[in-house]
Amino acid sequence: MGDEDQVIGSKGTTIAEIGRALAESETGPDAQSFSRMMELTGISALHDRNITGKGITIALLDSQFYYDNETAEKLTSDLVPIYNGSYRKYEVHGIACAELISEIAPDVKLYLVDAGGTEKDVTNAIERLMKLDEHIDIVSCSSDFPFGRFDGEDELCKAVEKMTSNGTLWINAAGNQALCHWSGEFKDPDGNGFNNFSPEDESINLTLEKGKVVGFWLSWEDDWDSASLDYDLRLDYPNRGYSISDNPQKGYRDQKPAETIQLLAPEDGTYQIKIRRYDAPDAPVRFHLFTTQDLDEYQVQNSSIGILGCCRNVITVGAINLSTLDIQSYSSRGPTKDGRQKPDLVAPDNVTTFSYISDAFAGTSASAPYVAGCAALIMEIFNDEPDLDTRKVLIESATDLGPPGPDNIYGYGLVNLSSLEVNR
Ligand SMILES: [Ca+2]
Ligand SMILES: [Ca+2]
Ligand SMILES: [Ca+2]
């Protein structure tokens, strides 16, 4: 400690200050409001102190890494692709995440890890990362799966824990399913085999346009490896016809308590989602239904986070409006199935990136890399403290939002580094 010791933003940016400053700035998604947010959350001040993520490694798990030379200029220069060739050309989701990380922590070493589209692909990506000579400090993942136990005990969580117990900080997007999720217990007072979402109503309506690609994932409380409660998922079309997912659940090995429908909507109109009891005793069973489309009714915002976001030791990140600091309506909410509070933090979305040049990058997918970049800055600041608990620093320095104290909408609040002391 010498004469140059400095404390920056020692009292931190208060919520009132952030609110005032944002009210003065232009509303809407633009590069300017993103840089304003970087100022308000202490990132720009850390850059001024030459804290830029030096010596920190981040692995970005995604499946869409297309970029051209012009976009490359927006990325950290220390970029290591680990592709398995499955990623789709011209899809930029992962590169937009990489841009945000590069903006917040421009000197990190960034691994672009092709994590495919299935749980197995993610597990394989983790195995590859564990085999690297280099230790990965942070994983940033902006994808998730709508199927499972949601209690931190899913197979994927065991893979994630291999990394987190090895000292890697895993940061995951909470998901954008708050308005396209239903959860409830099976009820059939009229005994016709179809669940009653209300006493008079056996279907959830959903409006689709012809040609829309849509997915439905239903899962329920049962033995995840050998399910014996047999329920089915059915989707009635607006006029005639329907799709049904009727996997057997007879207690055999590898039978999951889950049904899924994916389709190209054959016509415009109102579709009806139904749950049928095929072969199960008349006892209360809790269901989760996720779709890719907002439900017209019976939305259940609570517990709409996917299985990765529910893993223990993962930092789960929701999305807030860049200007108002309000939660985005779609940002998935906690708690987990076993009652743990989620998400952990929130960060802005709807930001401008080069990859999505004509559109804002919306959703919690943009919020997770914001926090990953912040985590890298914290790790650089405290790099001589071997027992540094970055998760704790992130949480304790966050600015509380919404209901006072930690909650299942905003977690501990907005990630905010403006109260961190830099002694150098
Ligand atoms: Ca019924
Ligand atoms: Ca079934
Ligand atoms: Ca709160």
Side-chain angles (χ1 to χ4, degrees), residues 12 14-16 18-19 147 174 182 184-204 216-236 242-261 272-289 298 301-302 315-321 324-328 331 333-335 340-347 367 394-416:
T14 67
I15 186 69
I18 292 176
F147 242 13
W182 170 81
E185 281 184 358
F186 189 88
K187 291 192 186 80
D188 186 19
D190 55 326
N192 69 346
F194 285 95
N195 178 57
N196 286 62
F197 293 94
S198 75
E200 305 297 329
D201 193 353
E202 294 181 329
S203 63
I204 300 178
F216 302 83
W217 294 267
L218 180 74
S219 58
W220 56 92
E221 279 177 319
D222 195 351
D223 187 329
W224 192 255
D225 299 313
S226 50
S228 57
L229 306 174
D230 198 341
Y231 293 90
D232 298 334
L233 174 64
R234 180 169 139 166
L235 181 71
D236 287 1
Y242 62 89
S243 291
I244 192 161
S245 174
D246 54 0
N247 301 325
Q249 286 91 14
K250 297 182 182 306
Y252 297 152
R253 225 179 127 209
D254 290 335
Q255 292 186 335
K256 308 278 182 213
E259 303 287 353
T260 181
I261 293 175
Q272 297 188 308
I273 306 166
K274 295 179 176 174
I275 302 172
R276 177 178 75 170
R277 179 169 65 212
Y278 182 73
D279 185 10
D282 189 6
V285 177
R286 179 155 288 273
F287 285 79
H288 276 285
L289 174 80
Y298 303 115
Q301 299 188 353
N302 280 355
I315 293 190
T316 308
V317 185
I320 55 167
N321 181 300
T324 62
L325 302 187
D326 287 333
I327 196 74
Q328 298 287 21
S331 185
R333 320 284 160 96
R340 282 172 294 126
Q341 178 218 298
K342 286 282 172 184
D344 298 282
L345 292 169
V346 290
S367 308
L394 278 168
I395 283 169
E396 288 180 351
S397 60
T399 300
D400 187 28
L401 292 174
D407 59 72
N408 282 312
I409 303 170
Y410 296 88
Y412 290 91
L414 169 65
V415 66
N416 186 353

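Each ligand, and each atom within it, is numbered from 1 in the order the structure gives. Just so it is clear, the values below take in all heavy atoms, side chains as well, and ignore hydrogens, waters and symmetry mates.
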In D400, which N, O or S atom comes closest to the Ca ion (ligand 3)? OD1
Under 3.0 Å: N/O/S of Q249 next to the Ca ion (ligand 2): yes
Examine P403 and say whether one of its N/O/S atoms is closer to the Ca ion (ligand 3) than 3.0 Å. yes
Return the name of the atom in D230, of element N, O or S, nearest to the Ca ion (ligand 2). OD1
Closer than 3.0 Å to the Ca ion (ligand 3), do we get an N, O or S atom from L401, backbone or side chain? yes
O (N247) to the Ca ion (ligand 2) to OD1 (D232), nearest 10°, is 120°
For the Ca ion (ligand 1), find the closest N/O/S atom belonging to E202 and write down its atom name. OE2
For the Ca ion (ligand 1), the closest N/O/S atom belonging to D188: OD1
Heteroatom test (N, O or S) for P189 near the Ca ion (ligand 1), limit 3.0 Å: no
The Ca ion (ligand 1) reached by N195 (N, O or S, under 3.0 Å): no
Taking 3.0 Å as the cut-off, does an N/O/S atom of G405 lie below it from the Ca ion (ligand 3)? yes
I'd like to know if R277 pairs up with D282 as an ion pair, taking the criterion as any Lys NZ or Arg NE/NH1/NH2 lying under 4.0 Å from an Asp or Glu carboxylate oxygen. yes
